[in-house]
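Structure first, then comments.
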Amino acid sequence: MAKKQLEDDLLTGASLSEGKDKSQKKAEKAAQKNAKAKKKSEEKRTALKAEIDALKEELAKETDSAKKDKISAKIKKLSDAYASVGSTKGVAKRTATIIKSVVCVVLVVAILVTYVATGAVRKGFIASLSIPAQTLTGVTVTNGESKAKIKVSTYNFYFATVYNNLQSQKDMYVQYGLDPADYDLDVDFSKKFSSQDYTYTDEETNKEKTISWSAHMNQLVLDAIENTYTYYLAAVAANDGKEPEITDDQKQELNDTIKEYRENAEKYGYTLSGYLVRAMGRGVTESVFRTESTRQYIASNYQNELNDTTTAKKEYTKEDINKYKDEHLDELKTVDAKIFECENEDKAKEFASKLSADGSNFADLCVKYSKEKFDKTSYADPAFSTEIGATKAWLQSKGYAIATADAHEHEEGEEHSEDEEVKYSGLDWLFSKDRKAGDIKQYSTTVVYVIAPASLSDRKTVDVRHILIAPETDDESTSAKDATDAQWGAAYEKAKNILAKWDKTEDGFAKLAKENSQDGNADDGGIYQEVVTSYMVNSFNTWCFDTDRKAGDTAIVKTEFGYHIMYFVGTNDKTVWQKNAEKALTSADSKSEIEKLEKEYTIKQHWFGSRYFEKDVDIAS
């Protein structure tokens, strides 16, 4: 009975942790952003259709042939725009990259805590140790010098993780009203993978090919294994052939996970290994789980270390920085502006029509046209709608309509690509040399008031410390934005009390940050160094780059994450554009190092061992 209950719980996701790790939260934010983009597309299509219908009526009444031709041309142009807005044609390659980045990054233990319970119990998953799975080599990863022989049990560990990750991704897209088929997830998890087709575009021939979803899953699992073991083997080689230690926090996280699994196993009358085998596949015992989780941590740590090492080992000269500036001047220019994203175009037009010439009522209008309770309260502070030193890339990352690409279409079979040249009329307007302070623009759902036009700003980078005090909500999954007024009030009082204890020294502030901050840099005394404009959320950013800011200043600043007790350390000699250029150069060098490493390692699947791989779900048909 207990074992039957275990199967039911594995199917429903009961009795395992529902906590979300950073990877899942990032995926959720991406899904939310996609949902928002889809909504905007639908609104834009509705507006375009109304324009088209109106022109068609005008065309029916018009008798002058020249005017009719002109109207017809407008209708065609609008119809082309209508067809391309929200179009998913050719999106497969881009979204395949997104999905691959999710499943082929190092898969840490926290993902398993959340996802292992969401997958179906597969027929091949038997409650035994499965000797072939533990002894047979399934794949080999090597660079010619370092080699790892991957057992079938390890393959099955990754299969379960990738499977559950994909299923969770699909559920998330559905939750946000997106079509999973648009994201390379046109798969039915209630049917056998081997009975379903997966169609993709071959990068070499640019022609569509079709394989089974089972074959596609196998490739995703191999990619995930190769990714992890590339960095794991490189980490071991860099550590004189010895496996590096993982951090104390990682050890604790792994032990907590094992403890939770053990408690669940005992609840159903299983050993821990029997429980893991039942949940994840043949051969995935406690030993395999510990080993693979540890190696994932090591791989992740080394990848981060490789990025840090690349950053630290190269000093960029003034000549390097200036050369980058000359070649990427447009990317380094920044603007200061008040920006608000309205619910729809009609609201944006109303907003713009009511906006005073000096922009003095911008914050009031933000409050009026905000939908969410948090926004209506927070936008009363002008800092919430003020973008200080924003680059084109930053505005694009924020999802403003004015920073989206113009409607465009492709030839049949042609796909969107990363190096594709598209036009951004909104950004062209905002970053034009003709812009001046006080200019106002309503572009689709965005309203902009220009504070300072685009320039290569001489604004300096800053060092700042902070202590984050987030509202304490009743449910850990509830975001700060959804906290009650009382919870926000309690957080503010706590922030005030902490600041009152400060001894007026930087060291004293750092100590308070270590003891109280809920941000990830608490152990570093809440320090952020060489901060550039737009690196932080608006109100935080605006406070840091206030022209009157001086060393030793403090304040309590509200953001969507909570209250930040601020301490201004000081400005640096390096300008924001110089730091941005340096970061871009470092990123390019890091990417080069990583690509070089990843090319060194190859993966080979062994035919006999692969006969024992987990491949399908528990479906009778």
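Values in this document were obtained by computation on a predicted structure and should not be read as measured data.
- The distance from atom CD1 of Ile469 to atom CD1 of Ile498, rounded to the nearest 0.5 Å, is 3.5 Å.
- Partners of Lys349 under the salt bridge (Lys or Arg N to Asp or Glu O under 4.0 Å) rule, at least two apart in sequence or in another chain, do not exist in this structure.
- Once rounded to the nearest 0.5 Å, the distance linking OH of Tyr163 with OG of Ser168 reads 12.0 Å.
- Evaluation of the salt bridge (Lys or Arg N to Asp or Glu O under 4.0 Å) rule for Lys496 yields Glu493 as partners, not counting sequence neighbours.
- At least one side-chain heavy atom of Ile565 sits under 4.5 Å from a side-chain heavy atom of Phe509.
- In the displayed structure, Lys501 atom NZ is contacted under 6.0 Å by at most 12 heavy atoms of other residues, nucleotides or ligands.
- When side chains are defined from C-beta on, Asn264 counts as touching Glu260, because their heavy atoms get closer than 4.5 Å.
- Counting only heavy atoms from C-beta outward, the side chains of Leu355 and Leu365 approach each other to under 4.5 Å.
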For this session: Assess whether side chain to side chain contact (heavy atoms under 4.5 Å, CB included) is satisfied between Ser293 and Gln250, documenting all intermediate values.
Result: CA-CA 10 Å; Ser293 298; Gln250 290 167 342; over 6 Å; no
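- Distance alone, capped at 3.5 Å, is enough to place a donor-acceptor pair between the Asn361 side chain and the Lys354 backbone.
- For the residue pair Gln252/Asp248, the side-chain donor-acceptor check at 3.5 Å is not satisfied.
- Side-chain contact between Asp336 and Arg459: present, with at least one pair of heavy atoms (C-beta onward) separated by less than 4.5 Å.
- Around the CG atom of Asp358, the shell of radius 6.0 Å holds more than 12 heavy atoms that belong to other residues, nucleotides or ligands.
- In terms of heavy atoms, Phe374 sits closest to Glu560 at CZ-CA, 3.5 Å.
- Taken from CD in Glu350 to NZ in Lys368, the straight-line distance is 7.0 Å, to the nearest 0.5 Å.
- Around the CD atom of Glu372, the shell of radius 6.0 Å holds no more than 12 heavy atoms that belong to other residues, nucleotides or ligands.
- Of all the heavy atoms in Trp488 and Thr559, the pair that sits closest is CH2-O, 3.4 Å.
- The shortest non-hydrogen separation linking Ala403 to Gln396 is O-CG, 3.4 Å.
- More than 12 heavy atoms of other residues, nucleotides or ligands sit less than 6.0 Å from atom OH of Tyr379.
- In this structure, Asp519 contributes its side chain and Ala522 its backbone to no donor-acceptor pair below 3.5 Å.
- Across all their heavy atoms, Ala401 and Thr445 have their closest contact at CB-OG1, 3.3 Å.
- The side-chain heavy atoms of Phe540 and Phe561, taken from C-beta on, include no pair separated by under 4.5 Å.
- Side-chain N or O atoms of Asp406 include one that pairs as donor or acceptor with a backbone N or O of Ser425 at under 3.5 Å.
- Under a cut-off of 6.0 angstrom, the local environment of NZ in Lys251 is crowded, with over 12 non-hydrogen atoms contributed by other residues, nucleotides or ligands.
- Residue pairs satisfying the side chain to side chain donor-acceptor pair (under 3.5 Å) criterion with at least one member in residues 505-514, sequence neighbours excluded, are listed as follows: Arg465-Glu506, Asp503-Thr505, Lys511-Glu515.
- Looking only at distances, no side-chain donor or acceptor of Gln442 sits under 3.5 Å from a matching main-chain atom of Ala352.
- Contact check for Val448 versus Tyr443: no side-chain heavy atoms found under the 4.5 Å cut-off.
- When atom types are taken as modelled, the side chain of Lys392 and the backbone of Glu331 share no donor-acceptor pair closer than 3.5 angstrom.
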For this session: Give the C-alpha distance, both sets of side-chain angles, the deciding distance and a yes or no for side chain to side chain contact (heavy atoms under 4.5 Å, CB included) between Ile298 and Ile246.
Result: CA-CA 6 Å; Ile298 291 170; Ile246 60 177; 3.7 Å; yes
For this session: Carefully, step by step, assess Phe384 and Cys366 under the rule side chain to side chain contact (heavy atoms under 4.5 Å, CB included).
Result: CA-CA 9 Å; Phe384 268 80; Cys366 288; over 6 Å; no
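- In this structure, Thr542 contributes its side chain and Ser539 its backbone to no donor-acceptor pair below 3.5 Å.
- The backbone N or O of Ala224 lies less than 3.5 Å from a partner atom in the side chain of Thr228, making a donor-acceptor pair.
- Residues in residues 439-457 take part in these salt bridge (charged side-chain N to carboxylate O under 4.0 Å, His left out) pairs, two or more places apart or across chains: Arg435-Asp439, Lys436-Asp439.
- If you take CG on Asn580 and CH2 on Trp394, they are separated by 11.0 Å, rounding to the nearest 0.5 Å.
- Using cut-offs of 30° and 60° for the angle between ring planes, the Trp543 and Phe568 rings count as perpendicular.
- Ring geometry, Tyr231 versus Tyr302: the interplanar angle falls from 30° to 60°, so the pair is classed tilted.
- When every heavy atom of Arg290 is checked against every heavy atom of Thr294, the shortest pair comes out as O-OG1, 2.8 Å.
- Within the structure, salt bridge (charged side-chain N to carboxylate O under 4.0 Å, His left out) pairs that include any residue of residues 541-554 comprise Asp546-Arg549, Arg549-Asp553, Lys550-Asp553 (at least two apart or interchain).
- Judged by the 6.0 Å distance and 45° axis criteria, Lys170 is not positioned over the aromatic ring of Phe189.
- Inter-residue side-chain proximity for Asn538 and Thr386 is flagged as unmet; no heavy-atom pair is nearer than 4.5 Å.
- Atom OG1 of residue Thr554 and atom NE2 of residue His466 lie 15.0 Å apart, to the nearest 0.5 angstrom.
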For this session: List the steps and the verdict of side chain to side chain contact (heavy atoms under 4.5 Å, CB included) for Trp429 and Val450.
Result: CA-CA 11 Å; Trp429 178 88; Val450 178; 4.0 Å; yes
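- Contact annotation: the side chain of Thr391 never approaches that of Ser534 to less than 4.5 Å [non-hydrogen atoms, C-beta and beyond].
- Between the Ser457 side chain and the Thr334 main chain, no donor and acceptor come within less than 3.5 Å of each other.
- No side-chain donor-acceptor contact under 3.5 Å links Thr247 and Asp249.
- The aromatic rings of Phe351 and Tyr369 sit tilted, their planes meeting at an angle between 30° and 60°.
- Summarising the geometry, atom CG belonging to Asp482 is positioned 12.0 Å from atom CG belonging to Asp474; distances are rounded to the nearest 0.5 Å.
- The pair Glu387-Lys398 meets the salt-bridge criterion, with a side-chain N (NZ, NE, NH1 or NH2) lying under 4.0 Å from an Asp/Glu carboxylate O.
- A pairwise comparison of heavy atoms in Ala480 and Gly562 identifies CB-N, 4.4 Å as the closest pair.
- For Gln487, the CD atom counts as densely surrounded, since its 6.0 Å shell holds more than 12 non-hydrogen atoms of other residues, nucleotides or ligands.
- Taking Thr461 as the reference, Glu530, Val532, Asn572, Lys574, Val576, Lys579 meet the side-chain contact (heavy atoms from CB on, under 4.5 Å) condition, with sequence neighbours excluded.
- Of the possible donor and acceptor atoms, one in the side chain of Ser517 sits under 3.5 Å from a partner among the backbone N and O of Leu468.
- Judged by distance alone, with hydrogens and angles left aside, the side-chain atoms of Asn516 form no donor-acceptor pair with the main-chain N or O of Ile467 at under 3.5 Å.
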